[in-house]
Amino acid sequence: MRYNGPMIKRFHELQERVLSYYPEANIELLKKAYAVSTDAHLNQRRASNEPYITHPLSVAAILAEMKLDEISIAAGLLHDVIEDSQYTREDLARLFGQEISDIVWGVTKISKISEVDVEDAQAETLKKMIVAMTADVRVILIKLADRLHNVRTLAPLAEEKRIKIARETLEIYAPIAYRLGMGKIRDELEDIAFMHLYPEDYRRIKEEVGGRTDWALQQVESLQQRIQAMLKELKIKAEIQYRIKREISIFRKLQKQNIELENVYDLLALRVITDTVANCYVIMGAIHQQWVHIPSRWRDFITNPKSNFYQSIHTTIITREGVKFEIQIRTQEMHRNAEEGIAAHWKYKEGLAFLENDNRLQWFREMIDYHKSNPDPKEFLSLVKRDLTPNEIYVFTPKGKVVNLKAGSTPVDFAYAIHSEVGDHCKNAVVNEKLVPLRTRLSSGDVVEIVTHKDSHPSADWLRFAVTPRAKKRIMAWLQKEESAEDLERGRRLWQKVLRAYGRRLRTGFSEADIARRLRELRYDDLEAFLRDVGGGRQALDRPALRALFPEAGAVAIAPARRAAPRRGERHRLISVEGAGDTDFTFAKCCHPIKGEEIVGYVTKNRGLVVHRRDCPNVNAEIPSRLKRVSWMEAPDYTYRVKLQLLADDKPGMLSTITGVTAETGSNIKKVEIEPASQAVVRITLVFEVRDMFQLNDITGRLQALPGIYSLQRRKAAAG
Ligand code: MN
């Protein structure tokens, strides 16, 4: 089934189509929209050399086939006006009112993508579509009709452009249509895109299927007759349709299951469309009585609709000749719903109010929510793409309730689908009466039971195997909450220990108001926020921090760091200096740059060129003539000495854990010192060698993740 009413070339044909389902439609509005659109696109032509107006007219015609309201159809006529002509959003608002202007603006915004990178552009498009859709779903219906007409007329475009459009259609537009339950438009978008994107596979499959068509039709027709006779006996009225599986579906099946075409057993499918739900089951029973059916292929989507509300019974039977057929049984209403989806229940008099309650939009709302909590565009794209692919599994609770999950889901996803409390306290999973690890991938038909315990909680590990956005979002929320509580606790302990270590001077004479004021200068709202950062390793509780907090005590309690002079070295091959060949230089002793850090050269009177970290406070950027642009060279076999100072719990095994972690990264440890910092806290000084910043970051990352480490500071390195 296609949106392929007769091609519309003239406005009056559109008018007739609209009046056929909507006799009281405001035709004057449509005429005006057509006139403005014609004017706006007056001298424009499509790649096919047809006048441009044929495109908006065709889009409006598709929308009329969906039986949409006059606002949508007017907006369809105008959908490219803002983007491609002098007319502005304000002009449209003045001429047609706010609603139409807003919809056209929504469509325009989606098209305006500036990203060069394909993934970025897709992420951007997708985000805009989802946002626009949750505001007014008609924006997306127009965009889908627009895309449908565009892919129908792809042929005259250059190959590169065709492929880009086809890919985007397959990866984004078709899946969105699926989510909205719009099977008809989804199928056509996919079929055309597949033809352009995989021309070889398309031809091969079409040929192979074509060679079997006669035989297949014979089989289908004989089965159809037998079912017809059966229906007559049952005195049930039903329409029977049949089809041969679409090329892209065959392609996917061949790829996924790595099988030959002969083994695609739902290559042939019959559809029985009747009037009532009860009759659907009667027909199913009769069919199962007459033919052998494959139990694992039997699905009751009437009782348990798919997440896009698709309803139907699917069953696969084997004829006496040994041919397998898939038979779908559904009511007329379910059928219309499967074809038209969200557009099926468009009631032009009720308009948007009706749609707002459509649960098919729920998925999009969840995506927006997830995006707010995790705004990384690429991750968003990959999650949405994965989620848009229609693979779903159906598993059962021990009481027989069906739970609809995405393919690849685990017991953790299942637990969160049941209830967030079940997920948050999920301990064990029993699948088909066997205890299994939580990371197990579930399959359709599994019976899943979750054992909860009040002390069981999500772990970061779960994020690696959970696949549903709902589960991922809840796990992240839990981890964040927990981490922040742990950080605060750790920060608090350290704060008290440091205060104790520095003695009375810090503890007396400073009111809480003083501390609060200075924290605000350090851009913290309160002591808790500060301690949370200290505990999480994002803020050091070291000398500079204490000096900032207690400036009056600084001179006495906190000795200033001694500055060392840079040392001349002979490492001229390690860096290159702009505008110079081999230049002798030294690494600055104040900041000790390590390969990979941003650096700058600074010319001094006595010591020649000294290389500093770019952010080193000792570089005086106000004398540009003294600055030299320098960069790292690919120099093998050189290591940089680094000194780290850690405050850690004084507990047995701590030191060996720390040196173990450092050694694991392949770093060479030169020196380890340990001294008490205060009661139960030790200061550990580590001197080791690294090749570059990557290795150093690796080490500090691992150290920070260890329990019982309070702070970690890079210090001036020992002479290397
Ligand atoms: Mn367009």
Side-chain angles (χ1 to χ4, degrees), residues 3-5 7-9 11 14 17 30 33-66 68 71-89 91-92 96 100-114 121-122 124-126 128-129 132-133 136-158 161-174 176-177 180 182 185-186 188-189 192-193 196 343:
Y3 287 108
N4 57 357
M7 276 263 284
I8 281 186
K9 292 272 187 193
F11 177 74
L14 175 68
R17 187 173 287 180
L30 300 186
Y34 180 68
V36 166
S37 185
T38 307
D39 176 49
H41 300 300
L42 195 57
N43 292 316
Q44 296 165 5
R45 293 197 167 261
R46 305 202 80 215
S48 61
N49 205 33
E50 282 179 302
Y52 195 87
I53 188 68
T54 55
H55 168 63
L57 189 59
S58 303
V59 169
I62 294 169
L63 297 168
E65 275 194 75
M66 294 179 185
L68 296 192
I71 299 279
S72 306
I73 293 169
L77 285 167
L78 295 164
H79 80 270
D80 278 331
V81 161
I82 297 182
E83 196 179 353
D84 294 339
S85 81
Q86 305 288 333
Y87 283 91
T88 63
R89 187 183 182 183
D91 291 336
L92 292 191
F96 297 99
I100 289 181
S101 166
D102 283 350
I103 294 175
V104 175
W105 179 242
V107 176
T108 310
K109 271 197 301 192
I110 294 171
S111 323
K112 275 194 183 153
I113 305 293
S114 53
Q122 284 197 350
E124 198 54 32
T125 309
L126 199 59
K128 285 179 173 176
M129 282 207 271
M133 179 160 23
D136 187 334
V137 76
R138 288 176 295 185
V139 169
I140 243 43
L141 300 182
I142 293 170
K143 202 65 206 164
L144 288 172
D146 176 40
R147 179 51 61 115
L148 180 58
H149 186 247
N150 282 336
V151 292
R152 279 177 180 174
T153 52
L154 266 187
L157 300 186
K161 206 161 178 198
R162 272 194 297 123
I163 287 183
K164 183 179 167 275
I165 294 175
R167 165 157 298 142
E168 197 185 43
T169 303
L170 210 53
E171 291 181 353
I172 294 181
Y173 285 85
I176 283 186
L180 294 170
M182 305 172 73
I185 200 167
R186 196 274 303 247
E188 188 173 354
L189 287 172
I192 301 177
H196 287 280

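The first residue of the sequence shown is numbered 1, and numbering continues consecutively from there. Counting starts at 1 for both ligands and their atoms, in listed order.
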Give the C-alpha distance, both sets of side-chain angles, the deciding distance and a yes or no for side chain to side chain contact (heavy atoms under 4.5 Å, CB included) between H41 and H55. CA-CA 10 Å; H41 300 300; H55 168 63; over 6 Å; no
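- Between the side chains of D146 and H79, at least one donor-acceptor pair of N or O atoms lies under 3.5 Å.
- No hydrogens or angles considered: nothing links the side chains of T54 and R46 as a donor-acceptor pair under 3.5 Å.
- Across every non-hydrogen atom of R162 and L157, the tightest pair is NE-O, 3.5 Å.
- Of all protein atoms, those that are N, O or S and lie under 2.8 Å from the Mn ion (ligand 1) total 4.
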Could you walk me through whether S72 and I103 pass the side chain to side chain contact (heavy atoms under 4.5 Å, CB included) check? CA-CA 8 Å; S72 306; I103 294 175; 5.6 Å; no
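- We find the CZ-CD1 distance between R147 and I192 to be 11.5 Å, quoted to the nearest 0.5 Å.
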